[in-house]
Amino acid sequence: MSQQQDLNLFVDNSIIPQKVYRDEPLFGVITHTQGTSPSWLINLLIENALYGTCVINHEKNQHRQLRSNVVVISFLNDFDFYEKDLKRNGIEVNDNQQFHFIDLFTDLFQKINTPESIVKIFDQLSKTIQNIPNKKTILIEGIEFLLSSTGITSIQLLNQINKLNKIADALFIITGADKELIDIQHANPSLPEFKTLDFIIRLLHRSNIVLGLRPLETGRAKDITGTLTISKGTIPFDSLVVSEKEYLFFVSRETTKLFFR
Amino acid sequence: MSGVSQSSTVLLNRLFTLKESSPLLLVTDTIAQSSYYLIKEFIHNVPKDTNIVYISFETIHKPKYANVFIEAYEMSSKALIEQINSTYESNVKNLIIIDSINFINNEILSQFLTSIIKPNLTVLATYHTSLPELETSVKYPNYPSSYKILSFIASSIFEIIPNSKEFDEEELELNLNKLNIVKGLNNSIFQINLINRRKSGRSINYKFEINTMNHNYNLILPDQSLDSGNSMDTQDLLKGLTTFNLTTSDKQKLAKDQVELPFLDAQSFNNGGAIVYEFEKDDDYDEEDPYEDPF
């Protein structure tokens, strides 16, 4: 087996560079498919945004110092899910003032069902998040569900994301990009696959960095879960340079390992 | 050839500096290579006193070069048109950049454009061709698609192509269809396919390689080897290969062309496919034999 590698996204070997919190805001898109759950990557991004460290990298024992607020908005998981996973990575979120979790999963389809209710929720959210002092990293997970389950259009949903984009220093949208979700047979704008493809392509057209998680094309393997491709988005940064590469990753019970491809 | 390359680069420069009068410049891009660098190239070239208005549907932070930045994504089209028209300055050149015209509804597209187009003003609009497009409009069947309307109105179309030297086109398309963004896309060096329409109705087509790092534009000549060069190539290949003479002279070629090949003769069925038997002196013909050919 080849040598285990550190995770880094930029040529300066950082995951989220300090410059993002100064004057170069980041818009990242993470796409995944069945079999390659992004939760390990989300956890590492949360850690890096909070402290600038990464538990799977060599210099993991580096002194942790808080740097940014992290807001996780999830349509897929509840707080317990993240609490448990982050604890394993050595992050105690219960007494962390900089970690904010917004659970939109529990109320999904109860309070969140019409386009109007979604607009209302996002208006509230942007107000709440705006009141958080200092730097902000926002991660939104599973928002594409709203397209197939409610009457909201892709443009309306993007407008909601804009509200958060304005107040965030770094914003990551984590979305599924399975073939079934984006394969268009009929160009009918009310079909979920039309809306989802439209949504993801419009996201990519404003992205600075794109992370893609895919299973191995050759099928399942015992020691490899899938590939992580890091590429530039369509909009370059002013000065930051994305380190484009492809990792093989292996998620096991205790940890995640990365290898170069 | 140098004349073609010169006039084409001149045309491109005239377009970049807004010297060519053109109400609508259409830029079509994909997720593989966005229009970002081409727009930057326009900004690099336009006259200093140009009034640059940026209409944003997907850009959150105001670009440094924009004089006016309009957040259009939650505006009605009427309000947007009013606001755009209020930024117009008649004594200087006006450049209106629309970061993606896909956001403007297909049915009001032509009306939108005609109400903002004025003398001394150029609309530079990006159209994302990766986005799925409706087959037909819900309200009006047979209404043309946004792309068709735009390419009909536009005086020049810049089609953006990723630098093809590095990619296998088929494989790239397969990956992009699965939304796999591979390495090495969205570069500062890329190609454009420029279609320019003259007032006379003549349209000219050039392909350039654009390097936005050093602002070099190179004309890419159409590949001619596919049409005529092939037979010449084998001749060239044989020349000087050995001391034997393997090439054919013109006279030999002519003679070769005139040879009637046997299979051509066999194609003409003048005899209707009948078996023609000619009796020869050595043939033994037996009248009693029932299987003998009864010709």
Side-chain angles (χ1 to χ4, degrees), chain A residues 23-25 27 29 31 33 154-156 158-159 161-168 171 175 177-179 181-184 186-191 193-207 209-212 214 227 229-236 238 242-246, chain B residues 29-40 56-64 71-75 99-106 126-138 145 160 162 166 171 174-188 190 212-213:
Chain A
D23 52 2
E24 282 194 56
F27 188 99
V29 177
T31 64
T33 59
S154 53
I155 293 181
Q156 281 172 326
L158 285 162
N159 289 345
I161 292 175
N162 284 347
K163 291 175 188 164
L164 303 183
N165 198 359
K166 273 188 195 165
I167 52 176
L171 175 65
T175 168
D178 288 278
K179 187 173 162 288
L181 288 175
I182 55 168
D183 200 10
I184 294 186
H186 306 284
N188 177 351
S190 58
L191 287 176
E193 57 266 36
F194 187 98
K195 286 161 82 176
T196 312
L197 179 68
D198 193 76
F199 176 71
I200 298 176
I201 289 184
R202 283 181 206 262
L203 282 180
L204 291 172
H205 264 299
R206 56 183 70 182
S207 62
I209 180 167
V210 182
L211 312 179
R214 296 288 182 278
T227 58
T229 312
I230 294 158
S231 39
K232 295 189 287 264
T234 53
I235 312 293
D238 284 340
V242 174
S243 162
E244 293 194 298
K245 55 177 155 318
E246 205 169 271
Chain B
D29 71 352
T30 61
I31 46 175
Q33 181 71 47
S34 76
S35 66
Y36 180 88
Y37 288 103
L38 189 74
I39 306 289
K40 276 267 163 147
S56 153
F57 287 96
E58 50 184 31
T59 310
I60 296 297
H61 307 281
K62 174 179 179 280
K64 288 184 191 106
E71 287 177 8
Y73 44 84
E74 278 192 294
M75 240 182 229
D99 66 2
S100 156
I101 200 149
N102 299 70
F103 284 80
I104 291 170
N105 206 329
N106 165 276
T126 299
Y127 181 84
H128 302 322
T129 51
S130 305
L131 286 170
E133 179 140 36
L134 309 183
E135 265 161 11
T136 48
S137 149
V138 183
S145 66
I160 300 188
E166 290 163 39
E171 207 183 306
L174 206 71
N175 271 316
L176 292 179
N177 282 343
K178 287 193 237 160
L179 297 181
N180 296 351
I181 312 296
V182 294
K183 294 182 284 181
L185 294 171
N186 288 299
N187 266 317
S188 51
F190 55 94
T212 52
M213 312 283 271

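Just so we're on the same page: letters track the sequence lines, and every chain starts at 1. All of these numbers come straight from a predicted model, not from anything done at the bench.
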Shorter than 4.5 Å, heavy atoms on both sides: which option in [options] has the most such pairs with chain B?
| options | answer |
| --- | --- |
| A/Ala177, A/Gly212, A/Pro25 | A/Pro25 |
| A/Thr33, A/Ile184, A/Ile182, A/Ile161 | A/Ile182 |
| A/Thr229, A/Asn159, A/Val210 | A/Asn159 |
| A/Leu204, A/Val242, A/Asp198 | A/Asp198 |

Can you find a heavy atom in the side chain of A/Leu158 that is under 4.5 Å from one in the side chain of A/Phe199?
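When only atoms from C-beta onward are counted, A/Phe199 and A/Leu158 do touch, with a gap below 4.5 Å.
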Would you say A/Phe27 and A/Leu203 make side-chain contact, with heavy atoms under 4.5 Å?
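With C-beta onward as the side chain, the pair touches.
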Let me know if [X] has heavy atoms under 4.5 Å from chain B in its side chain, its backbone, both or neither.
| X | answer |
| --- | --- |
| A/Lys166 | both |
| A/Leu211 | neither |
| A/Lys195 | neither |

Checking side-chain hydrogen bond (donor to acceptor under 3.5 Å, both in side chains) for the pair B/Ser34/A/Thr234: CA distance, chi angles, key distance, verdict?
CA-CA 6 Å; B/Ser34 76; A/Thr234 53; 4.7 Å; no
Identify which part of [X] has an atom lying under 4.5 Å from any heavy atom of chain A, answering side chain, backbone, both or neither.
| X | answer |
| --- | --- |
| B/Ile181 | both |
| B/Phe103 | both |
| B/Asn177 | backbone |
| B/Ser35 | neither |
| B/Lys40 | neither |

Measure from the side-chain N and O atoms of [X] to the backbone N and O of [Y], and report whether any donor-acceptor pair falls under 3.5 Å.
| X | Y | value |
| --- | --- | --- |
| B/Ser100 | B/Tyr127 | no |
| B/Gln33 | B/Asn187 | yes |
| B/Ser130 | B/Ile31 | yes |

Under a 4.5 Å cutoff for heavy-atom pairs, which residue among B/Thr59, B/Val182, B/Leu179 has the most contacts with chain A?
B/Leu179
Holding to salt bridge (Lys or Arg N to Asp or Glu O under 4.0 Å), I want the full list of residues that pass it with A/Asp178, two or more places apart in sequence or in another chain.
none
Run the ring pair (Phe, Tyr, Trp, His ring centres under 6.0 Å) test against B/Tyr73 and tell me which residues pass, sequence neighbours left out.
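Scan of B/Tyr73 (ring pair (Phe, Tyr, Trp, His ring centres under 6.0 Å), adjacent residues dropped) gives none.
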May I ask you to decide if the ring planes of B/Tyr37 and B/Phe190 are parallel, tilted or perpendicular, using 30° and 60° as cut-offs?
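Judged by the thresholds at 30° and 60°, the geometry between B/Tyr37 and B/Phe190 is tilted.
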